[in-house]
A.B. asks: 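First the structure, then my questions, so here it is.
As the structure is a computational prediction, the values presented were derived from the model and not from experiment.
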Amino acid sequence: MIAVDEHTSIGCWVHDISAQDVEIVVPDASLIPDVFLLTSSAQESIKVCRTLWRTDEMIGARHL
C-alpha cells in the first residue's frame, strides 16, 4: 500500500525492489505524491520513498 496522506492509501503491486530502489505498479501514478510511504503488511515494514520517474501506471522510487 502507498500512504498518500494520513487518511488515504492506494493499493499497489511491487514490480521490482532492491536495497535502494523500487518499481511500483498503481492504477493511476498521477495520484501518488513525490514523497510517499510504502507499507507492507507481509513484511511489517514502512519505507519513505521519493519518486524518481513515473509513467501512467508505474513509478520508480528510491528509499530515503
A.B. asks: Identify the heavy atoms of Cys12 and Ile24 that sit nearest to each other, and give their distance.
C.D. replies: CB-CG2, 3.3 Å
A.B. asks: May I ask you to test the Arg54-Asp34 pair for a side-chain heavy-atom distance under 4.5 Å?
C.D. replies: yes
A.B. asks: Can you name the nearest heavy-atom pair linking Val25 to His15, along with the distance?
C.D. replies: CG2-CB, 4.1 Å
A.B. asks: Quiz question: by atom type and distance under 3.5 Å, do the side chains of Asp5 and Thr8 form a donor-acceptor pair?
C.D. replies: yes
A.B. asks: Val14, Met58: one ILVMFWY side-chain cluster at the under-4.5 Å cut-off?
C.D. replies: no
A.B. asks: Are Trp53 and Ile10 connected into the same hydrophobic cluster when the rule is that any two of I, L, V, M, F, W, Y join if their side-chain heavy atoms are below 4.5 Å apart?
C.D. replies: no
A.B. asks: So how far is it from Arg50 CZ to Arg62 CZ, rounded to the nearest 0.5 Å?
C.D. replies: 11.0 Å
A.B. asks: Please find the pair of heavy atoms, one from Ala3 and one from Ser9, that lie closest to each other, and give the distance.
C.D. replies: CA-OG, 4.0 Å
A.B. asks: Would you mind reporting whether Leu38 and Val22 have side-chain heavy atoms less than 4.5 Å apart?
C.D. replies: yes
A.B. asks: Rounded to the nearest 0.5 Å, what's the gap from CD on Glu23 to CH2 on Trp13? Could you check?
C.D. replies: 9.5 Å
A.B. asks: Kindly say whether Met1 contributes a backbone atom to a donor-acceptor pair with the side chain of Thr39 at under 3.5 angstrom?
C.D. replies: yes
A.B. asks: What are the two closest heavy atoms between Cys49 and Ala61, and how far apart are they?
C.D. replies: CB-CB, 4.0 Å
A.B. asks: Ala29 and Ile59: which non-hydrogen atoms are nearest, and at how many Å?
C.D. replies: CB-CG1, 3.9 Å
A.B. asks: Any chance you could measure Asp21, atom CG, to Leu52, atom CG, to the nearest 0.5 Å?
C.D. replies: 6.0 Å
A.B. asks: Out of curiosity, Leu31 CG to Ile2 CD1, how far, rounded to the nearest 0.5 Å?
C.D. replies: 10.0 Å
A.B. asks: Would you check if the side chain of Ser30 reaches a backbone N or O of Asp56 as a donor-acceptor pair within less than 3.5 Å?
C.D. replies: no
